[in-house]
Amino acid sequence: MNSADMAPRRSWFTVACVLSAVALALSACTGATRKADSATSTTLTFGEQQAPPSLNPGSIDVGFVDFTMLSYEPLFYQNPDGTVGPALAESWKYAGEGNKQLDVVLRGGVTFSDGDPVDADAVIASLEYSRDSQGNQSHLLAGATFVKTGDTTFSIKLATPDPVLPTILTQAYGIGQIISPKGLAKPADLTLANATHGAGPYVFDPAQSVSGDHYTYTANPAYYARDRQHYRKVVIRIIQNQQAAVNAAQTGQLDVFKGDYSFAAQARSAGLQVVANPAIMNGLNLIDRDGTIAEPLADLRVRQAINYAIDRDAVTKALLGEYGTATQQTVVEGADGYSAKLADRYPYDPAKAKQLLAEAGYPDGFELPVLAAVFAGFKDMGEAIAGQLAQVGIVLKVDTMTDLPSYIDNSTNGKYPAVVFGYPSYPIYLQGKDLFLPGSKSFNGFGTADAKLDALWAKAAAAPDTERAALDVQIEEYLVENAWYAPVSYTPVMYFARTTVSGVATSVGAPFASPTDWSAA
């Protein structure tokens, strides 16, 4: 009997990972599984826009997990429909109440590609390494301890409740991808120039790879599930130019690639499959909610006025065309925490915005410094929002960063009271850790604390799944009613694939596709 919790596909996105783009049901372990298919096709070639800094799943950014999941089998596996099924673990369940202990049973007889056995000792060592690696996902295991209860059984004991832990330990996150003892013995060797040390379907081949250009993986002869090893070879090519990617797919040089919505029509006309789901929320993060440097933002009426002043449908259509989804919430419709009741909480109403500003003591508006960036569409979003708010007297003074480190630093150093940002439609539990709790420094730069919100999140984290869904909706409604953000649009993550490839699928629960699901059509 396994857990049956709700959560979406990916865990924690740092700002950097969002820029590289980051309600999933955790069903019984005997739930949906990957399509069985023999390796009848020789090679799969797919395109990514950025090269990874390493192939170390314990410290890699979530945005690069496609490069590691090919070689490192996860503890659990997230399917394209969002359900979580078995991988190295054949079953699991939460023990007791409060979502603070997960008991895991590993499948027997599995070995890593380097010959080490996949047993409780090996898995615990890998999880401890990932917990302590200080990668951008390590905080998700902070305070966790691991207790061996048998050769193939162990327990994960948590310092605080975590209702979505099985999802976090899937292939969608590096910390869920298990490294062998030989690999852990020399963690500095887990780089692009060395062999991988996992139990996944493929093994990285440095002899057939060129760092920054292409990465080649060959079938792992020791893989325990050969019917899910769909290709003899997988090649990931780095192609930053989207037109070049379309051309390569048309000529058969690429089978699948992540693309930009502006190329969707061209891809369709070229006969490619177009797969997409709303994934990344873009808008304005009103982080100075206590009015530390921008006094107007401390007034709820001002933050609500900002929301009323934005014509989300117009901005979404202008920036994203038919592929954008206007939103007033931090989660997309159908995902964990979404509130149908507040779907239209802030209709476009400049008159209402001006009324609220006047009631708050700002009848003539005010100036608001805002941070933006030239990448990820933030510059265009900032300009669009500025044009809308100017109509009600709020003048945005937008500073646009040209490099990622400057943008990240200025998002968190207390210099800017508002930031144009992006964030995935994650479950409320993970949004708390990353987005709105006081310790969420990447997206809560002023450390706003709200006792009611914090208590509600803690209650939901410890609640059984039969109660948590309603509590998560309450949390989202609290964020919306108190106008912590001014969300505008959801940007899709898009995949373009030749018709010779099947299994390229996404869903509301899993908007990011896994290359380990793809097979010959």
Side-chain angles (χ1 to χ4, degrees), residues 12-22 61 63 136 280-299 302-307 309-310 312 315-316 318-320 327-328 330 362 365-424 431 434-449 479 482-491:
W12 185 69
F13 250 76
T14 58
V15 177
C17 186
V18 171
L19 300 180
S20 74
V22 171
D61 189 285
N136 68 11
I280 308 296
M281 179 266 290
N282 293 278
L284 201 58
N285 189 353
L286 306 174
I287 56 177
D288 188 16
R289 304 172 193 101
D290 294 325
T292 304
I293 62 173
E295 184 177 349
L297 291 186
D299 196 306
V302 170
R303 301 196 304 271
Q304 290 180 332
I306 291 172
N307 275 274
I310 299 174
R312 292 170 168 83
V315 172
T316 300
L319 297 183
L320 300 172
T327 185
Q328 301 182 26
T330 64
Y362 304 97
F366 59 92
E367 288 188 355
L368 180 65
V370 172
L371 174 69
V374 297
F375 33 76
F378 291 173
K379 179 177 183 292
D380 293 340
M381 178 61 73
E383 291 175 350
I385 293 174
Q388 302 263 301
L389 296 186
Q391 298 178 36
V392 300
I394 301 176
V395 179
L396 299 192
K397 296 297 184 180
V398 182
D399 284 349
T400 303
M401 302 290 110
T402 58
D403 64 284
L404 181 59
S406 294
Y407 173 79
I408 294 175
D409 289 344
N410 284 287
S411 294
T412 58
N413 63 11
K415 181 179 179 180
Y416 292 90
V419 178
V420 179
F421 80 130
Y423 189 82
Q431 286 195 17
D434 301 335
L435 198 59
F436 60 77
L437 291 181
S440 309
K441 296 302 182 182
S442 293
F443 294 97
N444 188 4
F446 283 79
T448 306
L479 293 171
N482 286 277
W484 275 41
Y485 314 97
V488 178
S489 305
Y490 267 99
T491 302

(request) Would you name the heavy atoms of S411 and S442 that are closest together and state the gap between them? (result) CB-O, 4.5 Å

(message) I'd like to know if the side chain of T412 and the backbone of I408 have a donor-acceptor N/O pair within less than 3.5 Å.
(response) yes

(message) Using modelled atom types and a 3.5 Å cut-off, is there a donor and acceptor pairing between side-chain atoms of R303 and backbone atoms of Y485?
(response) no

(request) Only counting residues at least two apart or in another chain, list the ones meeting side-chain hydrogen bond (donor to acceptor under 3.5 Å, both in side chains) with Q304. (result) none

(message) Using side-chain heavy atoms (C-beta onward) and a distance below 4.5 Å, is M281 in contact with P487?
(response) yes

(message) Could you work out, with side-chain hydrogen bond (donor to acceptor under 3.5 Å, both in side chains) as the rule, every residue matching T327, not counting sequence neighbours?
(response) none

(message) Between L371 and M401, is there a side-chain heavy-atom distance shorter than 4.5 Å?
(response) yes

(request) Assess whether side-chain contact (heavy atoms from CB on, under 4.5 Å) is satisfied between I394 and L396, documenting all intermediate values. (result) CA-CA 6 Å; I394 301 176; L396 299 192; 4.1 Å; yes

(message) Could you report the tightest heavy-atom contact between I310 and A486, atom names first, then the distance?
(response) CD1-CB, 4.0 Å

(request) Just grab all the salt bridge (charged side-chain N to carboxylate O under 4.0 Å, His left out) pairs involving residues 398-410, residues at least two apart or on different chains. (result) none

(message) Which residues pass the side-chain hydrogen bond (donor to acceptor under 3.5 Å, both in side chains) test with R312, not counting sequence neighbours?
(response) N307

Can you give the donor-acceptor pairs under 3.5 Å from side chains of residues 372-388 to other protein atoms, not counting sequence neighbours?
from	atom 1	to	atom 2	distance (Å)
K379	NZ	E383	OE2	2.7
Q388	OE1	D311	N	2.4

(message) Between S489 and N282, is the side-chain hydrogen bond (donor to acceptor under 3.5 Å, both in side chains) condition met? List the steps.
(response) CA-CA 5 Å; S489 305; N282 293 278; over 6 Å; no

N/O donor-acceptor pairs under 3.5 Å from side chains in residues 285-293, not counting sequence neighbours:
from	atom 1	to	atom 2	distance (Å)
N285	OD1	R289	NH2	3.1
N285	ND2	F443	O	2.9
D288	OD1	G291	N	3.3
D288	OD1	T292	N	2.7
D288	OD1	T292	OG1	3.3
D288	OD2	T292	N	3.1
D288	OD2	I293	N	2.8
D288	OD2	A294	N	2.8
R289	NE	L286	O	3.1
R289	NE	W484	O	3.3
R289	NH1	N444	OD1	3.4
R289	NH1	T448	OG1	3.2
R289	NH2	W484	O	3.4

(request) To the nearest 0.5 Å, tell me how far Y423 OH sits from Y490 OH. (result) 10.0 Å

